[in-house]
Number of protein chains: 2
Amino acid sequence: MTEPELRPRKTPLQTRSKATCAAVLEAAARILEAEGSHALTTNRVAERAGVSVGSLYQYFPGKEAILAELIRGLRRDMVLTMRRAADLGREESLASTVELMVAAALEHHLTRPELARALERVEAELPVDAETRELKGELRNIVADVLAGHGIADAESVAFDLVALCHGLSSAAIEAGEKDINGLTLRLKRAVLGYLVAEPAGTSR
Amino acid sequence: MTEPELRPRKTPLQTRSKATCAAVLEAAARILEAEGSHALTTNRVAERAGVSVGSLYQYFPGKEAILAELIRGLRRDMVLTMRRAADLGREESLASTVELMVAAALEHHLTRPELARALERVEAELPVDAETRELKGELRNIVADVLAGHGIADAESVAFDLVALCHGLSSAAIEAGEKDINGLTLRLKRAVLGYLVAEPAGTSR
DNA sequence: CAATTATGCGAATAATTGCTCACATTCACA
DNA sequence: TGTGAATGTGAGCAATTATTCGCATAATTG
């Protein structure tokens, strides 16, 4: 049960090799979203990418590294999207900012829903990747900053909860085949603003 | 890519065979929570169960069937737990009932957290199992009934959202190693009551 | 008690998969 | 243009895995 290596083997220098790398990643993504992680074998990825296995192994030590790279890519995207939304919301009301950010998060989930879902599942079975951990923290920080900017107490902890709540609702709704994105945005907004407005205290037994 | 069979091959009749079945399921559960689904092989399960592979295959057509059975068991448990909580909450205030149900759901997630998480991931990669689908619907119905009993409009849709929200927050918190269960219960309660209290309307663009 | 049925066994086989390596091709650069 | 570095190839070996099948043991039944 040796931990699989998640870092790429070497970074492509020439354009040709960059294309190879990209093709491998894209092929893996497609297999993943169409058939799930159990169908992801190095030989299949290479074939689908129009590349030989040898080339694949030149850049990735194994399939876990390919998956890890896809995950990092997704998270980097997410952070960028959310940062942009947070910036747009600067000087806006809390409600407007929430709507902007919720819409951004949703859009992110909607670009390649199956891929995002598959990668999330895979991530849980892989050793923790340092950069991925950082990126997740960064996401929470972005949210926390927005909250703090509107004078909300305990911003860090609240940010954690809001991110988790939104993630839960978006995933479930998208998985259930929800098509009404505007409606879903409203439901997310309702959850977020509701949480913010509700009494933090209350007797638990 | 033939769909794996998820139903057990035959039902054990004698006590001896019931024990074999149970041993297989428990062994699979232990491997799953300790090492994840990639480590779950039929031979390993049989060995860990103190049973031969042949016996395993007598009752399960493959490992997917074992996993499916574990999933069904977990869901059946969940429905029972939640029904009990809903019954206990009858004649109580909405807030109290929410607290009871939230606590029940949490307790459920906490008995074998790693197992529950692993099974959820596995479920997403398996063909949809009829009974599992039913059970998930049943869970939402239980919540919807409670909501309707308190005169909440659109109970079905709200139930969907509340279940999703709670699932999201519990999973994230438990995964993050949250130990303060009382505190977590309060946060869940806050999310639920907040959602219920917040304006369902609001302008989305 | 047979005789029938249920249960259990595990070596052996077939299929899959990860991964390497010896060799070919292309590129960068003096 | 030539030479070393970078890149690409894919047959094939090693290891893992799923699954079967002939046979032994235990329970049930009549």
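So you know, we letter chains A, B, ... as the sequences are listed, proteins then strands, and number each from 1. On a predicted model such as this, the values are computed, not experimentally measured, just so you know.
At distances below 3.5 Å, at least one donor-acceptor pair connects side-chain atoms of B:T81 with backbone N or O atoms of B:D77. Of the possible donor and acceptor atoms, one in the side chain of B:E125 sits under 3.5 Å from a partner among the backbone N and O of A:S37.
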**OP:** Let me see the working for A:L70 and A:L74 under side chain to side chain contact (heavy atoms under 4.5 Å, CB included), right down to the final yes or no.
**Re:** CA-CA 6 Å; A:L70 285 174; A:L74 196 75; over 6 Å; no
Original post:
Do A:Y59 and A:R9 pass the side chain to side chain contact (heavy atoms under 4.5 Å, CB included) test, and can you show the C-alpha distance, the side-chain angles, and the key distance before you say yes or no?
Top reply: CA-CA 5 Å; A:Y59 301 103; A:R9 224 163 213 170; 5.5 Å; no
**OP:** Applying side chain to side chain contact (heavy atoms under 4.5 Å, CB included), run through A:L56 and A:N43 and close with a yes or a no.
**Re:** CA-CA 9 Å; A:L56 184 155; A:N43 285 300; over 6 Å; no
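The stretch residues 17-27 of chain B participates, sequence neighbours left out, in these salt bridge (charged side-chain N to carboxylate O under 4.0 Å, His left out) pairs: B:E26-B:R30, B:E26-B:R112. Within the structure, side chain to side chain donor-acceptor pair (under 3.5 Å) pairs that include any residue of residues 162-172 of chain B comprise B:E120-B:H167 (at least two apart or interchain). Applying the salt bridge (charged side-chain N to carboxylate O under 4.0 Å, His left out) test to every pair with at least one member in residues 56-71 of chain A, sequence neighbours left out, gives these pairs: A:E69-A:R72, A:E69-A:R76. Legend: salt bridge (charged side-chain N to carboxylate O under 4.0 Å, His left out) pairs involving residues 39-54 of chain A, not counting sequence neighbours, sorted by first then second residue: A:E35-A:R44. Among residue pairs with one or both ends in residues 168-188 of chain A, those qualifying as salt bridge (charged side-chain N to carboxylate O under 4.0 Å, His left out) are A:R117-A:E175, A:E178-A:R187, A:R187-B:D161; sequence neighbours excluded.
If you take CG of B:N43 and P of D:dT16, they are 12 Å apart, rounded to a whole angstrom. Atom CG of A:L40 and atom P of C:dT16 are 17 Å apart (whole Å). Distance, A:Q58 CD to D:dT9 P: 10 Å, rounded to whole Å. One atom, CZ of B:F60, and another, P of D:dA18, lie 15 Å apart when rounded to the nearest Å. The interatomic distance linking B:K10 (NZ) with C:dT5 (C1') rounds to 9 Å, in whole Å. If you measure from atom CD1 of A:I31 to atom P of C:dT17, you get 11 Å, rounded to the nearest angstrom. Taking atom NZ of residue B:K18 and atom P of nucleotide C:dA6, one finds them 14 Å apart after rounding to whole Å.
Heavy-atom distances under 4.0 Å link DNA chain C to B:V51, B:S52, B:V53, B:G54, B:S55 of residues 46-56 of chain B, given in residue order. If you check residues 62-69 of chain A against DNA chain C, the residues with a heavy atom closer than 4.0 Å are A:G62, A:K63, listed by number. Contacts between residues 19-30 of chain A and DNA chain D, counted as heavy-atom distances below 4.0 Å, involve A:T20.
Listed by chain and residue number, B:R16 satisfy the side-chain hydrogen bond (donor to acceptor under 3.5 Å, both in side chains) test with B:Q14 (two or more places apart in sequence, or in another chain). For B:Y57, the side-chain hydrogen bond (donor to acceptor under 3.5 Å, both in side chains) partners are B:T42, not counting sequence neighbours.
With values rounded to the nearest 0.5 angstrom, B:H109 atom NE2 is found 10.5 Å from B:L169 atom CG. In this structure, the separation between NZ on A:K10 and SG on A:C21 is 10.0 Å, given to the nearest 0.5 Å. In this structure, CG in A:L6 is found 8.0 Å from OG1 in A:T132, a value given to the nearest 0.5 Å.
At the phosphate of C:dT7, OP1 or OP2 sits under 4.0 Å from a side-chain N or O atom of B:S17. Look at A:Y57 and you won't find any side-chain N or O under 4.0 angstrom from OP1 or OP2 of C:dC21. The side chain of B:T42 contributes no N or O atom lying less than 4.0 Å from OP1 or OP2 of D:dT17. Taking only side-chain nitrogens and oxygens, A:R9 comes nearer than 4.0 Å to OP1 or OP2 of C:dT20.
With salt bridges taken as basic N to acidic carboxylate O contacts below 4.0 Å, one links B:D87 and B:R90.
Taken over five-pair windows at either terminus, the axes of the helix from C:dC1-D:dG30 to C:dA30-D:dT1 are inclined to one another by 20° (rounded to 10 degrees).
The side chain of B:Y59 lies closest to C:dT7, out of D:dA6, C:dT17, C:dT7.
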Considering only nitrogen or oxygen atoms on both sides, find all protein atoms under 3.5 Å from nucleotides 24-30 of chain D and state each distance.
none

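Stacking of A:R190 on the aromatic ring of B:Y195 is recorded, both the 6.0 Å distance cut-off and the 45° axial limit being met.
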